[in-house]
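The structure appears below as structure tokens.
Please read all numbers here as calculations on a predicted model, not as lab measurements.
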Amino acid sequence: MTTTFGGKPHVLILGGGSVGLTTASELRKSLGAEVAITVVDPRPYMTYAPFLPEVGAASIDPRNVLAPLRKMLPGAKIVTGGVSAIRSADKTVVVTTEEDETLEISYDYLVVGLGAVPRLLPIPGLAENAIGFKWVEEATAVRDRILANLAEAATTKDPKVRKRLLTFTFIGGGFAGGEAVAETEDMVRDALRYYPDLHASDIRFVLVDGAPFIFPELTEEQRGYVLNQLRERGIEVKLETFLNSAENGVIKTSDGDEFETDLLVWNAGVKPNPVLSDEDASDLPVVTERGPLMGKLQALADLRVNGADGPLDDVFAGGDCAAVPDLASGEGKFCPPNAQHAVRQAKRIADNIARSVQGRPLVDYYHQNLGVMATLGMYKGVGRLNVADKELDIRGLPAWAMARAYHVYAMPGVGRKAAVVAGWITNLIGRRDIVGIPQSETPRAAFEYAANSGKKK
């Protein structure tokens, strides 16, 4: 018997990212008040991840890449908490709030868009010293650390301390890591005009990747172009190299290099939300074979989760946590984990739930990849577009402008779009801000200093 939520079918959405926000928004458009919607996420906002490199480079204000769920989804219930258990057999999900309160939420339809988390390796010192680049808090912290280090390095007389302060290390040369190092290096280059005591030769950016190339989504020719661009700007790119140790701020790599760094950013891969592969926490089927799909939910082309005994008609999945067949690329292919697919999968999920409620047949997800684009700093970019079955290679200013235009278009909320553009115009007139505020991580420090009569704890 189908349970109801206030007499209406209840759609429970796990994850408030691209999949969750888009699914809820599209459901409200198609079914209106005929359906009850609940969205569960530890954060009460969606982070537009493609803009994080520009947040880390002080080109975009951090709040402007966030879409508040309560503001974007009027009429939906937003539950701020983490998923503790998924019991599809009972059509129930257990959620734990920040206050450790346990909630049991039943559903008629479940949408799993829990995304991915960083995949860490057992490298000495990594967990203790590195920072990720997946959330706005991390991108903001990277920005503040780099800018604060410039100010500190310009003040110190100790050459060893200065060298450590001005050495920034990034692990992972995919789009996230490559854009992050390129954008932040561009920010530092721009800020140096205000530091006559510092020279470009004092700055050291290091990008480490175990693969023989960076930006794997691009063509071989484009990868070579990006590599040359980064190295011409003084960024050390270590290919086919691995991080061996990061203890006490000392980086040791597999090529024998050893140096001190004050910032270590980890972008070397992600894995599906671990709650899905925990047999004690979830009864949903996941891919168990080792490989890029391991830990992902097994999804059918219509985005229903495929169970051991066939499709789960009331459970849908999309985004980074789901292995979704890529019908446009051929048999045996799966959709890459990017925002382009996540948003379009969410629209198909919403439409198929509406079809299920109305008793109509479901439709398979099909999307021809539009291409990929990356920014590499102000007025610098690279991209590959699929137009009329042809691939177009774009570089430099046109690629940068197209990437910015597309992401403004894709950013949820008219107000946020306007704020991002307004920020870019402000930076164009008055240049980017060079103030780093690492103290924001310890906001009580000044108060505690005063409380202790000027004595540091």
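Remark: R416 fails to qualify as a cation-pi partner of Y48 under the 6.0 Å distance and 45° angle criteria applied to the six-membered ring. Relative to the six-membered ring of Y365, R348 misses at least one condition, a distance below 6.0 Å or an angle of at most 45° to the axis.
Using bins of under 30°, 30° to 60° and over 60° for the plane-to-plane angle, the ring pair W424/F51 lands in the perpendicular bin.
For the residue pair T375/E183, the side-chain donor-acceptor check at 3.5 Å is satisfied. D255 and T253 are linked by a side-chain donor-acceptor pair at a separation below 3.5 angstrom, with hydrogens and angles left out of the test.
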**Prompt:** Can you list the steps and then say if R87 with E104 is a salt bridge (charged side-chain N to carboxylate O under 4.0 Å, His left out)?
**Reply:** CA-CA 10 Å; R87 303 168 183 159; E104 289 195 5; 3.6 Å; yes
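Counted within 6.0 Å of CZ on R290, heavy atoms from surrounding residues, nucleotides or ligands total 12 or fewer; the atom is thus considered open. More than 12 heavy atoms of other residues, nucleotides or ligands shown are found within 6.0 angstrom of CG on D158. When the shell of 6.0 Å around NZ of K163 is examined, it contains 12 or fewer heavy atoms from other residues, nucleotides or ligands.
Side chain of D262 to main chain of R164: no donor-acceptor pair is present (N/O by atom type, distance under 3.5 Å, no hydrogens or angles). The closest donor-acceptor contact from the side chain of T261 to the backbone of L263 lies under 3.5 Å.
Counting heavy atoms from C-beta on, the side chains of D257 and K238 come closer than 4.5 Å.
When each of N149, L150, I146 is paired with I203, the side chain to side chain contact (heavy atoms under 4.5 Å, CB included) condition holds for L150 and for no other.
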